[in-house]
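Structure, as structure tokens:
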Amino acid sequence: MYDFAIIGSGAAGGRVAYDLTSAGATCVMLEAGKAFEATTYPGEELDYTAQMFWGAGLEFAAGAHLAFLRGKCLGGGTIVNQALMDQNDDVAFSDWFERSGVDFFNCNDMAPHYEAAEGQMELKELPPERRNKSALLFIQALENLGVGWKSLRRAEGDCASEHGSDCMVCLGGCPRDSKQSSLVTTIRRALENGLTVETEFLVNNILDGRDKVTVFGSQRGERTEINARKVVLCAGAFGSTSVLLKSASLKLGPTLGRGFSCHPQYMTYAIFDDIIDQHKGTFQTVKSDDPKLRKAGYKLENVSCPPSATALLFPRTGLEHLEMMKLFRHQASMEVCIRDEPAGNIRLDKRGGMVIEKPFTAQDQRRVTEGRELIRDLFASLKPKKIIECEQGFGLHLVGGCCMGVDPSRSVVNPEYQLHDHPNIFVADGSLFPSATGINPCLTIVAMAHRCGQSILGSS
Amino acid sequence: MSHHRTTLLSPRQVRGLNKVGDAFIPGDSDLPPFSATGCALHADRILEYLDERDKNDLLTALTVFSFLPISALAFFHRFLDRHYRRFPGGLGELLRQARIGLKGLVVSLYYSGQTAPGYTGPNPMEVIGYKVSVYLDDFRPYQPPNK
């Protein structure tokens, strides 16, 4: 029997595995997806989308007005994200404290955990020489309208950008091992410490026994179970929440599944006479950084997509679609990412399938509208040939569902990361977040996971 | 011309996929029609990873589409594209999922650059000018520093 079964291998799972195995615990990591490495990533967008994301690349909110992207491979979302690393600010932590009553939700108390998280990865603020033409246009537009901006900080090693490496490739896994995913940072170290990894292991439910917790699931189609003294859920907002919803024997309150948010994002493209080639080089090197926008509840990003994702986002069909796609090299894009209210709900349907209810509140809708209007004005200041607004929204930062709090009637997990009535079952991922922060959540997930590890080791 | 090489699609479903693909991507003077590239041959690379329920729904839809003229499918695409947000309830959800699901399948295959053996026409990826790479001449697996 293992000391710990860790469900999920993304930002949280890797960190927890590293901390627990470093302390001498025997751990097994259960990952639903396959294991890839730098030399075996599928490479083609067609293949990595199908093989490395849940739902072969698309999951929907009920009503299908919003689609979600969720990594499914060893390393989870950290393999397929852009490795942007930001700390929560006072605004975010104050909101969390008010909602949860958890007193360590403040910059001071979380500082050592951010430090530990950052200590396990190489971080770089992206320098001016790595800005591609799309980034320069983004900056020019922001400056035209007096909107503040800053360089982004990314977890990366050596991208060989001087040799012309294109970051777009790494959305399907970094073939240089430069991206500081949980796989190359914490999981690799945890493996050296004796971590056992089981991939293609789909967890169905967990049973809390007297002196052990049993994880039931299937691995490559074969039903199987794993016993451990304790279980740490690190499968993200959808994964951790749905496993708990399926674990009918657990005593869980009505708050489970509530409080889901996802930073809904909407893309706008502009077509220019000049070639932009926004897919070349380092993309997303800068972002808006302005107190006015922070207060307004949204930020603007300089994101670009590979062709099929662009084609999917573009409105229109037939010849209109082809005309826009033929101008692929002339496109620049900006996206609004809103800080949405945690009004979403994760539940199961009658057949046990996961249902994501994600209503847009009036405030959410206002933020989307304001952000898109600002983007239209920003692009207009650059005098493009055409501006194209995409209707399809996407949620990438999936948080909530197992919210942390001091009050068992209003939360799922206590400040020691345990389910309120099951002290041997922990949750350590983004599902803990009491609300969306409006800030990239990856680094905070790692920092929270580090604190979880400390809490577990301190109590055992 | 038959593109049936997949193991997950029947010949009729391949016809349905090519029809729905041509309705969405009819081709023009630069870009080839969806069906001409033979990219439907590579559908298994996506279908294999779909949930069983989603896959069965998709196969049923492709079978139905195989009986419809491309003009009707093109109208269906345009209609969904312009009005998909208006429909409430279960019908609206179904239409929105159908819209993005079908569009996702078609554009993923077409803009993959994959074609049928022997295809000699223009490659969509080359026409739109998409080419990316990562420098790997000095590749070494990442070794995390001791911290």
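Just so we're on the same page: letters track the sequence lines, and every chain starts at 1. All values below were derived from every heavy atom in this structure, side-chain atoms included, with hydrogens, water molecules and symmetry-related copies excluded.
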Just give me the residue among [options] that pairs up with chain B most often, heavy atom to heavy atom, under 4.5 Å.
options: A/Gly63, A/Ala311, A/Ala160; result: A/Gly63
options: A/Met168, A/Glu45, A/Arg316; result: A/Arg316
options: A/Asp47, A/Thr39, A/Thr185; result: A/Asp47
options: A/Pro315, A/Pro307, A/Ser178; result: A/Pro307
options: A/Gly164, A/Gly353, A/Ala38, A/Ala62; result: A/Ala62
options: A/Lys280, A/Glu44, A/Lys72, A/His321; result: A/His321

Please find the pair of heavy atoms, one from [X] and one from [Y], that lie closest to each other, and give the distance.
X: A/Ala50; Y: B/Arg45; value: CB-O, 3.3 Å
X: A/Pro175; Y: B/Leu136; value: O-CD2, 3.3 Å
X: A/Cys170; Y: B/Val134; value: SG-CG2, 4.2 Å
X: B/Ile128; Y: A/Arg329; value: O-CG, 3.3 Å
X: A/Ser308; Y: B/Ser108; value: CB-CA, 3.8 Å

Among B/Tyr111, B/Tyr110, B/Tyr130, which one satisfies side chain to side chain contact (heavy atoms under 4.5 Å, CB included) with A/Met325? B/Tyr111
Between [X] and chain B, with a heavy-atom cut-off of 4.5 Å, which part of the residue counts as in contact: side chain, backbone, both or neither?
X: A/Cys159; result: neither
X: A/Gln392; result: both
X: A/Leu322; result: both
X: A/Glu37; result: neither
X: A/Arg176; result: both
X: A/Pro42; result: neither

Contacting moiety of B/Gln114, where chain A heavy atoms sit under 4.5 Å: side chain
B/Leu95 versus chain A, heavy atoms under 4.5 Å apart: side chain, backbone, both or neither? neither
Highest number of heavy-atom pairs under 4.5 Å with chain A: which of [options]?
options: B/Asp51, B/Ile25, B/Asp28; answer: B/Asp28
options: B/Val127, B/Leu47, B/Ile46; answer: B/Ile46
options: B/Pro141, B/Pro124, B/Gly104, B/Ser133; answer: B/Ser133

Listed by residue number, which members of residues 53-67 of chain B have a heavy atom under 4.5 Å from any heavy atom of chain A? B/Arg53
Scan side-chain atoms only and decide if A/Gln180 and B/Tyr142 contain a donor-acceptor pair under the 3.5 Å cut-off. yes
Whether B/Lys103 side chain and A/Leu312 backbone form a donor-acceptor pair below 3.5 Å: yes
Donor-acceptor pair, distance only, cut-off 3.5 Å: does the side chain of A/Ser165 make one with the backbone of B/Tyr135? yes
To the nearest 0.5 Å, atom CD1 of B/Ile100 lies from atom CG of A/Leu66 at 9.5 Å
Are B/Lys131 and A/Asp166 within salt-bridge range, i.e. N to O under 4.0 Å? no
If you count heavy atoms of other groups shown closer than 6.0 angstrom to CZ of B/Arg140, is the number above 12? no
A/Glu115 CD: over 12 foreign heavy atoms closer than 6.0 Å: no
